[in-house]
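Contents: one structure, followed by commentary.
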Protein chains: 2
Amino acid sequence: MAQIKNNYQFEDMLQKHNLKKTGPRLRVLSMMYSKNTATSQPDLESVMNDIDRVTLYRILNVFEEKGIIHKVFDLNGTANYAVCHSNCQENHHHDEHLHFNCTACKNVYCLNELNMPRLNLPSGFEAQSFTLYASGLCPKCSKKQAAKVN
Amino acid sequence: MAQIKNNYQFEDMLQKHNLKKTGPRLRVLSMMYSKNTATSQPDLESVMNDIDRVTLYRILNVFEEKGIIHKVFDLNGTANYAVCHSNCQENHHHDEHLHFNCTACKNVYCLNELNMPRLNLPSGFEAQSFTLYASGLCPKCSKKQAAKVN
DNA sequence: TTACAAATGCAACAATATTGTATTTAGAAA
DNA sequence: TTTCTAAATACAATATTGTTGCATTTGTAA
Ligand SMILES: [Mn+2]
Ligand SMILES: [Mn+2]
Ligand SMILES: [Zn+2]
Ligand SMILES: [Zn+2]
């Protein structure tokens with residue numbers, strides 16, 4: 001689980017970032033903090049189907065700008081959003097961790113505990129940030145598969 | 001440059017993969033082999049604007065299936081395509097290298113020479129493939145920037 | 001040369017994302 | 001508390017990217 005937080009803490013988060021406390025924003029925050037996987041845009045939209053699509057896009061964008069969440073594309077190129085755990089600042093993210101795409105359940109996991117390995121690029125390339133992607137089976141799905149085989 | 005190849009070689013490639021030699025396919029091959037960066041779908045479409053959009057999508061898909069090209073999403077989530085250099089087979093790619101996104105010129109470079117570092121995942125995760133993304137300045141753009149500063 | 005599967009072109013549609021603007025609302029100020 | 005306003009939301013229109021079905025054309029094997 002990302003981090004258990006209650007509604008007061010979400011309100012504080014919004015306040016700290018000079019964002020008004022609104023229902024849609026609190027609900028998006030609460031949903032994203034309640035999961036240990038990233039949230040796909042389509043998923044978010046179907047769960048919050050009473051909130052206007054455009055509003056959701058704008059909430060996601062402002063949260064990303066503020067350093068509250070970061071965007072990660074899964075293997076099909078669909079946008080997923082996950083809470084930042086790296087003390088990201090406004091317009092200055094540092095979410096340099098592994099993103100694991102489960103090919104079975106399609107969930108995207110942020111493996112924050114895994115540091116990025118240092119590596120030296122070919123001469124001339126100046127990297128500012130790194131992200132590592134992996135795909136395969138997540139713990140749940142690999143267990144399921146093992147069970148099937150038996 | 002990916003590899004200099006002439007039209008006869010492209011025809012051979014198609015034949016080897018049991019694909020008919022057609023104008024659109026040869027042109028796509030030729031374009032992608034003439035560059036050392038990946039080709040974005042929008043770019044491809046605007047350059048080959050006399051070929052139907054759907055045909056281009058189908059060419060890209062069949063080339064990917066056959067192991068001729070691989071897809072890589074850039075930092076904005078747009079699809080880019082690059083020729084495979086890892087002896088990829090039909091439905092079995094192994095393009096595990098670094099993809100460098102230049103934030104200035106927006107080009108995507110496949111740095112095939114860079115092997116993926118080994119890393120151990122948290123227990124339970126079973127990775128089948130890895131891709132590393134980096135963003136920053138490519139050699140050309142970092143030179144330009146250095147020139148400006150002076 | 002013929003025949004036919006494969007490839008292309010075209011039309012329709014679906015999904016995702018952006019822009020502009022009217023309306024509503026959170027929160028500051030009176 | 002009430003008033004006021006910038007910020008946020010809702011709604012409409014449009015853009016971009018990708019898919020599906022089918023008619024037509026074409027590469028190639030016989
Ligand atoms: Mn992440
Ligand atoms: Mn590549
Ligand atoms: Zn899974
Ligand atoms: Zn560049």
Side-chain angles (χ1 to χ4, degrees), chain A residues 7-8 10-31 38-66 68-81 90 106 108, chain B residues 7-8 10-31 38-66 68-81 90 106 108:
Chain A
N7 222 57
Y8 291 113
F10 294 139
E11 294 187 357
D12 281 351
M13 288 183 61
L14 293 179
Q15 196 158 40
K16 268 178 202 146
H17 288 98
N18 300 310
L19 298 173
K20 289 186 178 174
K21 302 168 198 166
T22 68
R25 282 172 178 172
L26 287 169
R27 283 172 59 195
V28 170
L29 274 184
S30 153
M31 167 171 182
T39 305
S40 76
Q41 186 282 326
D43 242 48
L44 185 73
E45 202 173 305
S46 70
V47 170
M48 313 250 171
N49 55 0
D50 53 326
I51 302 177
D52 190 82
R53 273 167 42 72
V54 180
T55 300
L56 289 178
Y57 277 111
R58 292 205 253 238
I59 288 174
L60 292 173
N61 287 339
V62 75
F63 281 4
E64 194 185 9
E65 268 175 35
K66 295 291 186 175
I68 299 174
I69 64 175
H70 61 281
K71 178 163 30 176
V72 38
F73 296 101
D74 66 21
L75 294 175
N76 305 116
T78 26
N80 283 249
Y81 297 87
E90 178 145 7
K106 309 297 176 193
V108 176
Chain B
N7 223 58
Y8 291 113
F10 294 139
E11 294 187 358
D12 282 351
M13 287 183 60
L14 292 179
Q15 195 157 40
K16 267 178 203 145
H17 288 99
N18 300 309
L19 296 174
K20 290 185 176 174
K21 301 169 199 165
T22 68
R25 282 173 179 172
L26 287 168
R27 284 172 59 196
V28 170
L29 275 184
S30 152
M31 167 171 181
T39 305
S40 76
Q41 187 283 326
D43 244 47
L44 185 73
E45 202 173 305
S46 71
V47 170
M48 314 251 172
N49 54 1
D50 53 326
I51 303 177
D52 190 83
R53 272 166 35 73
V54 179
T55 300
L56 290 177
Y57 276 110
R58 294 203 255 236
I59 289 175
L60 292 173
N61 287 337
V62 74
F63 282 3
E64 195 186 8
E65 269 175 35
K66 295 290 187 176
I68 298 173
I69 64 175
H70 62 281
K71 176 161 36 174
V72 39
F73 296 101
D74 67 19
L75 294 174
N76 305 117
T78 25
N80 284 248
Y81 297 87
E90 178 146 8
K106 309 298 177 193
V108 176

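Note on naming: letters A, B, ... go to the chains in the order of the sequence lines (proteins, then strands), and numbering restarts at 1 for each one.
When all heavy atoms of L75(B) and F73(A) are compared, the closest pair comes out as O-CE1, 3.4 Å. Residues N80(A) and A38(A) share a closest heavy-atom pair of CB-CB, 3.8 Å. What you find for E64(B) and K71(B) is that their closest heavy atoms are OE2-CB, 3.5 Å. Nearest heavy-atom pair across L14(A) and K20(A) is CD1-O, 3.9 Å. Nearest heavy atoms, T55(B) versus P24(B): CG2-CB, 4.5 Å. Contact between L19(B) and R25(B) at its shortest, heavy atoms only, is CB-NH1, 3.6 Å.
When DNA chain C is scanned 5' to 3' for any atom under 4.0 Å from a heavy atom of chain B, the first and last hits are dA5(C) to dA11(C).
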Set out, line by line, the N/O atom pairs under 3.5 Å between protein and nucleotides 5-10 of chain D.
from, atom 1, to, atom 2, distance (Å)
dA7(D), O4', K20(A), NZ, 3.2
dA8(D), OP1, K20(A), N, 3.4
dA8(D), OP1, R25(A), NH1, 2.8
dA8(D), OP1, R25(A), NH2, 3.2
dA8(D), O5', R25(A), NH2, 3.1
dT9(D), OP1, T22(A), OG1, 2.7
dA10(D), OP2, D52(A), N, 3.3
dA10(D), OP2, T55(A), OG1, 3.0
dA10(D), N6, R58(A), NH2, 2.5

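Residues that satisfy the salt bridge (Lys or Arg N to Asp or Glu O under 4.0 Å) test with K106(A), not counting sequence neighbours, are absent from this structure. Not a single side chain to side chain contact (heavy atoms under 4.5 Å, CB included) links N18(B) to another residue, sequence neighbours left out.
Following rounding to the nearest Å, L56(A) (CG) and dC11(D) (C1') show an atom-to-atom distance of 14 Å. In this entry the distance linking CG of L60(B) with P of dT19(D) reads 10 Å, nearest Å.
Contacts between residues 68-76 of chain B and DNA chain C, counted as heavy-atom distances below 4.0 Å, involve no residue at all.
E45(A) comes within 4.0 angstrom of no nucleic acid atom, judged by non-hydrogen atoms across all strands.
L44(B) is not listed as a side-chain neighbour of Y81(B), based on a closest heavy-atom distance of 4.5 Å or more.
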### Task
Test side chain to side chain donor-acceptor pair (under 3.5 Å) on T39(A) and D43(A) and set out the steps.
CA-CA 7 Å; T39(A) 305; D43(A) 242 48; over 6 Å; no
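Annotation: the terminal axes of the helix from dT1(C)-dA30(D) to dA30(C)-dT1(D) meet at 20°, where each axis is the rotation carrying the C1' atoms of four end pairs onto the next four (5 pairs per end, rounded to 10°).
The CG atom of N7(A) sits 10.5 Å away from the NZ atom of K21(A) when rounded to the nearest 0.5 Å.
For Y57(B) and Q41(B), the side-chain atoms include at least one donor-acceptor pair closer than 3.5 Å.
Sequence order on DNA chain D of the closest nucleotides to R53(B) and K21(B) puts R53(B) first from the 5' end.
With respect to the salt-bridge test (charged N to carboxylate O, under 4.0 angstrom), the residues D50(B) and R27(B) qualify.
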